[in-house]
Amino acid sequence: MSEEPVVRGDASQARGEEPVAGGGSGRWRRWYGEGPLHLLLLLASFALALYAGVRLLADDWAGVAVWFVGAALLHDLLLAPLYAAADRGLRAALGGRGRNLTVFVRVPAALSLLLLLVWYPLITRQVPRYEAATGLPPDVFLARWLLVTAALCAGSALCLSVRVLRTARRRSATKQRPPAVH
């Protein structure tokens, strides 16, 4: 009986992968877990967030801090349990197939609610002073949000239809194949 030789060295070589050119990159990946470009992009995004935070907090840091803490508490104590319960109800209503189909309801609902959260004062016409800033009358925001919500739901329904048709075609193609001779 011949045994395969034990490969010593880099784990990527032991798995049969090609060694990375320039041995330093392999050490870097073992140390960090990703490539150097990933770390550079991550640091750049942190720098951008820090810059935006400094600019945001420059005028009214106490008001922004209270708003941020209040938003976090509102989300964690009220909204997260509500949409977790809604998701459980959706999965229960869809039955056994619900696990694969809930994404087609979750995505448009989440995007629509996010838009509502961001534009709530304009959609509900509670802030008339933004008319000068937006250049639009306050009556248009509700209709536009409803249209965007309808478009998101229609797009999700279209994606679901395409998925169902592909699955049906695969199943019919499998049934039409002759049995394999053994």
Side-chain angles (χ1 to χ4, degrees), residues 11-12 17 20-91 98-160 162-163:
S12 63
E17 298 173 4
V20 181
S25 180
R27 274 185 252 132
W28 172 266
R29 280 197 183 272
R30 280 193 308 270
W31 177 75
Y32 178 65
E34 289 291 332
L37 181 60
H38 181 270
L39 179 62
L40 180 68
L41 290 173
L42 187 66
L43 291 174
S45 67
F46 282 140
L48 180 64
L50 179 67
Y51 171 74
V54 167
R55 295 285 308 249
L56 180 67
L57 295 174
D59 294 334
D60 183 21
W61 66 269
V64 172
V66 167
W67 177 86
F68 191 76
V69 169
L73 288 174
L74 176 71
H75 175 268
D76 292 349
L77 298 178
L78 181 67
L79 295 178
L82 281 176
Y83 56 73
D87 190 56
R88 269 198 201 123
L90 176 66
R91 284 189 290 163
R99 174 168 268 160
N100 295 332
L101 300 178
T102 55
V103 72
F104 294 101
V105 177
R106 281 182 194 160
V107 171
L111 291 174
S112 178
L113 288 173
L114 179 66
L115 287 172
L116 177 64
L117 182 66
V118 170
W119 300 104
Y120 178 78
L122 294 173
I123 291 171
T124 58
R125 300 180 194 142
Q126 291 184 0
V127 187
R129 68 176 183 257
Y130 284 110
E131 185 174 352
T134 62
L136 297 170
D139 301 340
V140 299
F141 293 103
L142 175 62
R144 289 182 181 184
W145 175 72
L146 290 172
L147 284 173
V148 169
T149 300
L152 288 170
C153 291
S156 183
L158 180 66
C159 290
L160 177 61
V162 168
R163 181 176 173 185

When every non-hydrogen atom of Thr149 is compared with those of Ser112, the smallest separation belongs to OG1-OG, 2.7 Å
Practice task
Could you check whether the rings of His38 and Tyr32 sit parallel, tilted or perpendicular, using 30° and 60° as the cut-offs?
Solution key: tilted
Minimal heavy-atom distance between Trp145 and Leu116, with the atoms involved, is NE1-N, 3.6 Å
* Asked: Any sub-3.5 Å donor-acceptor pair from Ser45's side-chain atoms to Leu42's backbone N or O?
  -> yes
dist Leu82:CG -> His75:NE2 (nearest 0.5 Å) comes out at 10.5 Å
ask   = Is there a side-chain contact (heavy atoms from CB on, under 4.5 Å) between Arg144 and Leu136 once you walk through the steps?
value = CA-CA 12 Å; Arg144 289 182 181 184; Leu136 297 170; 3.6 Å; yes
CZ of Arg125 to CG of Asp139, rounded to nearest 0.5 Å, is 4.5 Å
In this structure, CZ of Arg106 is separated from CG of Leu101 (nearest 0.5 Å) by 11.0 Å
When rounded to the nearest 0.5 Å, the distance separating CG of Leu43 from CG of Leu48 is 12.5 Å
Interatomic distance, OH@Tyr120 vs CG@Leu115, rounded to 0.5 Å, equals 15.5 Å
In Leu74, Leu79, Leu73, the residue satisfying side-chain contact (heavy atoms from CB on, under 4.5 Å) with Leu77 is Leu73
To the nearest 0.5 Å, atom CH2 of Trp119 lies from atom CG of Leu142 at 14.5 Å
Closest heavy-atom pair, Thr124 versus Pro121, reported as atoms and distance to 0.1 Å, is OG1-O, 3.6 Å
